[in-house]
Amino acid sequence: SLGEAIEEDMHHMHSFVKRAAHITQMDKNEISLKGSKACRAKVLDKIEELDVDADDVIFAYFSLHGYRVKSKSS
């Protein structure tokens, strides 16, 4: 199921961000948006709400999965 693949991908990315924060000794403020909450407008709203300093890092990652129905050839 695609939902399971996306959840697994999110778990791997969460682990990566956690390790990166530990290695760089940076504080981590992780925000996850799923499903209909992961639209362009809401992502931009979340970014605009951040209190960002000059030496901060913003990392955005999108995990998308598509499919093709059997009746389509392209």
Side-chain angles (χ1 to χ4, degrees):
S1 129
L2 291 178
E4 292 172 1
I6 292 170
E7 287 296 324
E8 183 176 344
D9 191 38
M10 287 184 69
H11 172 73
H12 289 298
M13 189 51 58
H14 171 76
S15 296
F16 169 77
V17 171
K18 186 177 178 180
R19 283 192 317 268
H22 176 74
I23 291 167
T24 60
Q25 298 181 349
M26 297 179 77
D27 293 332
K28 177 178 72 78
N29 179 12
E30 188 174 345
I31 300 168
S32 295
L33 300 174
K34 299 178 186 179
S36 63
K37 293 180 180 178
C39 68
R40 181 182 185 274
K42 291 183 182 179
V43 170
L44 292 175
D45 285 347
K46 288 292 182 185
I47 292 171
E48 289 176 3
E49 291 172 5
L50 296 173
D51 182 21
V52 181
D53 292 325
D55 61 347
D56 288 343
V57 174
I58 297 175
F59 174 76
Y61 177 79
F62 296 87
S63 179
L64 307 169
H65 293 273
Y67 67 95
R68 180 181 58 170
V69 294
K70 291 181 181 182
S71 63
K72 298 237 178 182
S73 61
S74 63

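Side-chain atoms are counted along with the backbone in the values below, which use heavy atoms only and exclude waters and symmetry mates. Position 1 is the first residue of the sequence, and the numbers go up from there.
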Measuring only between side-chain heavy atoms, which start at C-beta, is [X] closer than 4.5 Å to [Y]?
{"X": "E7", "Y": "K34", "value": "yes"}
{"X": "M13", "Y": "F59", "value": "yes"}
{"X": "K28", "Y": "H14", "value": "yes"}
{"X": "N29", "Y": "L50", "value": "yes"}

Taking atom [atom1] of [X] and atom [atom2] of [Y], what is their separation to the nearest 0.5 Å?
{"X": "S32", "Y": "K37", "atom1": "OG", "atom2": "NZ", "answer": "11.5 Å"}
{"X": "E49", "Y": "L44", "atom1": "CD", "atom2": "CG", "answer": "11.0 Å"}
{"X": "D45", "Y": "R40", "atom1": "CG", "atom2": "CZ", "answer": "10.5 Å"}

D27 meets the side-chain contact (heavy atoms from CB on, under 4.5 Å) criterion, sequence neighbours left out, with none
Mind checking whether I47 and F62 sit in one hydrophobic cluster, side chains of I, L, V, M, F, W, Y counted as touching below 4.5 Å? yes
Provide the closest heavy-atom pair for A38 versus L33 in the form atom of the first, atom of the second, distance. CB-O, 3.6 Å
Nearest non-hydrogen partners of M26 and D55, listed with the distance: CE-O, 4.0 Å
Neighbour count >12 (heavy atoms, 6.0 Å) for atom OH, Y61: yes
Tell me, yes or no, whether the heavy-atom count around D53 atom CG, taken from other residues, nucleotides or ligands under 6.0 Å, exceeds 12. yes
